[in-house]
Amino acid sequence: MKVQEKSDRLIISEQSDFEPKHIFECGQAFRWEKELDNSYTIVANKRVINVSKLNDEIIIKNSNKEDFNEIWKDYFDIDTDYSQIKSKLNNDDIMKKAIEFGTGIRILNQQEYEMIISFIISANNRIPMIKKVISNLSKKFGDFIQEYNSKKYYSFPSIERLANADVEKVAECKAGFRSERIILASQKIIQDKDIVYNLKSKTYDEGLEYLKTYKGIGDKVANCILLFSMKQFATFPVDVWVRRVMQTLYVPNTAKDLEIRKFAENKFKDLSGYAQQYLFFYARENDIGK
DNA sequence: TCCCAGGTCCTGA
DNA sequence: TCAGGACATGGG
């Protein structure tokens, strides 16, 4: 990988397995907007960046080399070799197709708190609506970051702001019945911050058990949090899409979510999380099982 | 109008 | 343990 700083942009070259559309639209992140020029504007880590790809070069606007090295390199999981992951997973026809379709997916390293709240909001909700609720919460409770391309951007709210928020104000953001859960979770995170911010060093089972003590976090949401912000890649979150694609292609359609998760975790081992992302993106983009 | 969405909680057996 | 209904909201 090579990084060059040129006037208003960073140009990343010699970087394989990086496809902005696949990275952002595979369901792991909610704070992105697709622009008219097919680039993606992202809010993360209290910053706004614009990412696109032209030929084999990745272009990052509104950033600098220092931020890239200190923040975005880790965020985009640049040090992970995805060609190795893909070749290991590539041992049946279904995965082969899914990987080919979703080539360039990377699992982002996102912040624990943001993932906990985001996936509490995801329960029984649609992705566009989840994005809207998070955007509303950020506007109401986050900090103004900057104006970029004549749009205003706000950071994800701090834990304290949401912990002290009124339920009515959170509900105004269209969070519905999840409003109370958002506030309760924020309060619990403040109380348990020594535990929450050390979950990465705990085992998968310990993390799962702990997260499920939150109101609004069940098996699926807990596994998403572990996968997207705590580097637990041996997990296979099962949602409606993954259930459908698995029941269509791998298991009997009577299989329950927990059985599906265990089946996949046994099959894909420590690469289960990556397999899940390829299958989710493949299923959703192609309406498989629907 | 009804059904469903990256589910979870609560209740009753 | 486990099925079944409730839950806010909005799009199809």
Side-chain angles (χ1 to χ4, degrees), chain A residues 21-32 98 102 105 107-108 110 112 114-137 139-140 162 165-186 188 208-230 232-233 235-249 253-262 264-265 272-290:
Chain A
K21 176 184 166 67
H22 299 179
I23 292 171
F24 296 110
E25 296 194 29
C26 72
Q28 60 180 323
F30 302 105
R31 302 212 63 196
W32 53 267
I105 283 178
I107 294 190
L108 300 169
Q110 303 185 77
E112 295 96 329
E114 185 167 336
M115 289 300 98
I116 290 171
I117 301 303
S118 297
F119 279 97
I120 284 176
I121 294 167
S122 79
N124 200 32
N125 215 343
R126 287 172 206 271
I127 290 180
M129 196 59 198
I130 300 166
K131 291 177 67 184
K132 191 175 278 179
V133 174
I134 294 171
S135 168
N136 291 342
L137 285 170
K139 205 174 284 178
K140 200 186 273 285
L162 286 181
D166 292 331
V167 194
E168 297 79 23
K169 296 285 177 193
V170 176
E172 282 173 14
C173 299
K174 305 298 177 189
F177 63 87
R178 310 164 196 84
S179 302
E180 191 195 16
R181 299 176 179 177
I182 292 168
I183 295 167
L184 289 174
S186 302
K188 187 168 161 67
L208 184 67
E209 194 182 354
Y210 171 75
L211 287 171
K212 282 164 82 169
T213 62
Y214 284 68
K215 194 170 176 182
I217 302 185
D219 199 73
K220 189 270 169 185
V221 167
N223 279 294
C224 281
I225 295 165
L226 288 162
L227 174 59
F228 299 134
S229 66
M230 298 182 182
Q232 295 285 2
F233 300 110
T235 173
F236 191 88
V238 178
D239 59 60
V240 283
W241 289 100
V242 173
R243 183 189 310 137
R244 286 198 287 243
V245 69
M246 290 299 286
Q247 286 175 344
T248 306
L249 303 174
N253 57 11
T254 50
K256 303 222 167 79
D257 290 357
L258 189 61
E259 295 171 49
I260 297 172
R261 176 159 76 79
K262 293 295 179 191
E265 288 171 1
S272 296
Y274 300 99
Q276 193 267 8
Q277 282 306 96
Y278 288 118
L279 287 170
F280 175 84
F281 185 66
Y282 182 56
R284 219 168 83 88
E285 297 283 318
N286 297 294
D287 271 350
I288 290 178
K290 202 172 178 182

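Chain letters run A, B, ... following the sequence lines, proteins first and then strands; every chain starts at 1. Because the structure is a prediction, the values reported are computed rather than measured. Every heavy atom of this structure was used, including side-chain atoms; hydrogens, water molecules and symmetry mates were not.
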Nucleotide nearest [X] when distance is taken to its side chain, options [options]:
X       : options                 : result
K256(A) : dG6(B), dA3(C), dA8(C)  : dA3(C)
M129(A) : dT9(C), dG6(B), dA5(B)  : dT9(C)
V221(A) : dA3(C), dT9(C), dT8(B)  : dT8(B)
K215(A) : dG6(B), dA5(B), dC10(B) : dC10(B)
F280(A) : dG7(B), dG11(C), dG6(B) : dG6(B)
R181(A) : dC9(B), dG6(B), dA5(B)  : dC9(B)

So, taking the atom named [atom1] in [X] and the one named [atom2] in [Y], what distance separates them when rounded to the nearest 0.5 Å?
X       : Y       : atom1 : atom2 : answer
I130(A) : S135(A) : CD1   : OG    : 13.5 Å
I117(A) : F30(A)  : CD1   : CZ    : 12.5 Å
F177(A) : N125(A) : CZ    : CG    : 7.5 Å
E25(A)  : I105(A) : CD    : CD1   : 10.5 Å

[atom1] gap between [N] and [M], integer Å:
N       : M      : atom1 : value
dG6(B)  : dA3(C) : C1'   : 23 Å
dG10(C) : dT8(B) : P     : 22 Å
dC2(B)  : dG5(C) : P     : 16 Å

Would you kindly check whether a donor in the side chain of R126(A) faces an acceptor in the base of dC4(B), or vice versa, at under 3.5 angstrom?
->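 Under the 3.5 Å cut-off, the side chain and the base do form a donor-acceptor pair.
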
Give D219(A) one of three labels, base, sugar-phosphate or nothing, depending on what nucleic acid heavy atoms sit under 4.0 Å from its own.
->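 Contact class for D219(A): sugar-phosphate only.
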
Would you say a side-chain N or O of R244(A) is under 4.0 Å from OP1 or OP2 of dA5(B)?
->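 Answer is yes, contact under 4.0 Å.
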
K174(A) side-chain N/O to dA8(C) phosphate OP1/OP2 under 4.0 Å =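 The answer is no; no side-chain N or O of K174(A) sits under 4.0 Å from OP1 or OP2.
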
Quick one: do L108(A) and F228(A) satisfy side chain to side chain contact (heavy atoms under 4.5 Å, CB included)? Show the steps, please.
-> CA-CA 7 Å; L108(A) 300 169; F228(A) 299 134; over 6 Å; no

Is there a Watson-Crick or G-U wobble partner for dG6(B) with both distances under 3.5 Å, and which nucleotide is it?
->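 Base-paired to nothing in any strand shown.
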
Report the residue (Y214(A) or V242(A)) whose heavy-atom-nearest nucleotide on DNA chain B is the more 5′ of the two.
->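 Per heavy-atom nearest nucleotide, the more 5' residue is V242(A).
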
